[in-house]
Amino acid sequence: MVVPAPPDREVQFVDVRDLGRWLVELLERDAGGAFNATRSGVPWGELVESTRRVTGSDVEPVWMPDGFLLAQGVGQWMELPMWLADADDVGMHAANVSRAEAAGLTHRPLENTIRGTLDEAETTDDAGLRPERERELIEAWRRS
């Protein structure tokens, strides 16, 4: 499985179920303001290992640096979900979420978010790398 290196690089995202619940709570309290409404950073390595546990998969991650992925023409965010390498965009995964958390934003366990995402993915269009494209990238990486 192609994964952007390094494993300790953090990625931020929010479970829409947590976001929706929190927004309703803000409205009920008549609270407002500007917030970075996302989860604190989760290392890619933790996300991958949690996903492997949830799915029972024995797939091995193949960690690839940004430079290689970009040179191979891998599309940020959509072709490799949540991956950002462009210097103008990487800050999206470094937002300070303390204000939102102080206002009550909480997050369900990571494994629950992964399960929910997988359930939703079964009813939507395929996202991410096509299997043949992923195989090509892994082969190219191993040759490099």
Side-chain angles (χ1 to χ4, degrees), residues 1-138 140-141:
M1 174 176 67
V2 172
V3 187
D8 62 346
R9 179 172 31 181
E10 293 187 342
V11 59
Q12 287 182 307
F13 51 89
V14 66
D15 189 310
V16 69
R17 297 168 295 180
D18 297 330
L19 182 61
R21 178 200 42 76
W22 179 64
L23 289 172
V24 169
E25 289 173 5
L26 285 176
L27 289 168
E28 288 173 343
R29 293 191 326 250
D30 199 26
F35 300 97
N36 291 318
T38 188
R39 178 189 289 262
S40 295
V42 174
W44 276 104
E46 180 182 343
L47 181 60
V48 168
E49 288 309 310
S50 294
T51 302
R52 285 171 29 118
R53 276 193 308 276
V54 167
T55 62
S57 174
D58 62 355
V59 68
E60 291 296 323
V62 180
W63 297 97
M64 298 181 185
D66 292 345
F68 177 82
L69 293 169
L70 291 169
Q72 298 299 312
V74 175
Q76 296 178 77
W77 196 262
M78 295 303 290
E79 192 173 24
L80 194 52
M82 298 189 298
W83 170 61
L84 295 170
D86 188 296
D88 293 334
D89 298 328
V90 294
M92 284 182 58
H93 289 308
N96 180 337
V97 300
S98 61
R99 189 160 186 259
E101 290 173 344
L105 177 60
T106 59
H107 307 283
R108 67 194 63 227
L110 180 57
E111 289 77 10
N112 291 1
T113 295
I114 292 166
R115 274 189 210 94
T117 301
L118 291 170
D119 290 346
E120 184 63 26
E122 291 178 5
T123 64
T124 60
D125 294 337
D126 291 343
L129 292 168
R130 295 179 327 279
E132 59 275 5
R133 172 83 162 122
E134 191 163 24
R135 279 190 296 278
E136 290 169 4
L137 289 168
I138 292 171
W141 174 247

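Predicted, not measured: the structure shown is a model, and the values here were computed from it. Throughout, residue positions are numbered sequentially from 1 according to the sequence presented.
D18 places a side-chain N or O within 3.5 Å of a backbone atom of R108 that can act as its donor or acceptor partner. At distances below 3.5 Å, not a single donor-acceptor pair connects side-chain atoms of R53 with backbone N or O atoms of E111. A donor-acceptor pair under 3.5 Å is formed between the side chain of W22 and the backbone N or O of A103. Put simply, the side chain of Q12 gets close to the backbone of R39: a donor and an acceptor are under 3.5 Å apart.
Using a cut-off of 4.0 Å between Lys/Arg side-chain N and Asp/Glu carboxylate O, R21 and E25 are scored as salt-bridged.
Remark: the T38 side chain and the N36 side chain contain no N/O donor-acceptor pair separated by less than 3.5 Å.
L47 places a side-chain heavy atom less than 4.5 Å from the side chain of M82.
Counting all heavy atoms, side chain and backbone alike, A37 lies closest to A100 at CA-CB, 4.4 Å. Residues L70 and Q76 share a closest heavy-atom pair of CD2-NE2, 4.1 Å. Nearest heavy-atom pair, R17 versus T113, reported as atom, atom and distance to 0.1 Å: NH2-CA, 3.8 Å. Across all non-hydrogen atoms, the minimal contact from D89 to L84 is O-CD1, 3.4 Å. For the residue pair R115 and V54, the shortest heavy atom distance occurs at CG-CG1, 3.5 Å. Taking every heavy atom of both residues into account, A140 and Q72 meet most closely at CB-OE1, 4.1 Å.
With rounding to the nearest 0.5 Å, the separation of CD in E136 from CZ in R130 is 7.0 Å. With values rounded to the nearest 0.5 angstrom, I114 atom CD1 is found 8.5 Å from T55 atom OG1. In this structure, the separation between CE on M78 and CH2 on W83 is 14.0 Å, given to the nearest 0.5 Å. Note that CZ of R135 is 12.5 Å distant from CZ of R133, once rounded to the nearest 0.5 Å. The CD atom of E60 sits 10.5 Å away from the CD1 atom of I138 when rounded to the nearest 0.5 Å. Here the CG atom belonging to N112 is positioned 13.5 Å from the NE2 atom belonging to H107, to the nearest 0.5 angstrom.
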Problem set entry | Residue pair V97, L105: steps toward the side-chain contact (heavy atoms from CB on, under 4.5 Å) verdict | CA-CA 9 Å; V97 300; L105 177 60; 5.8 Å; no

Exercise. For S57 and M1, what are the C-alpha separation, side-chain angles and deciding distance, and is it a side-chain contact (heavy atoms from CB on, under 4.5 Å)?
Worked result: CA-CA 11 Å; S57 174; M1 174 176 67; over 6 Å; no

Problem set entry | Derivation and outcome, side-chain contact (heavy atoms from CB on, under 4.5 Å), residues L69 and V2 | CA-CA 9 Å; L69 293 169; V2 172; 3.9 Å; yes

For this session: Assess whether side-chain contact (heavy atoms from CB on, under 4.5 Å) is satisfied between L110 and F13, documenting all intermediate values.
Result: CA-CA 11 Å; L110 180 57; F13 51 89; 3.6 Å; yes

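Note on ring orientation: taking the six-membered ring where Trp is involved, the planes of W77 and H93 are parallel (angle under 30°, cut-offs 30° and 60°).
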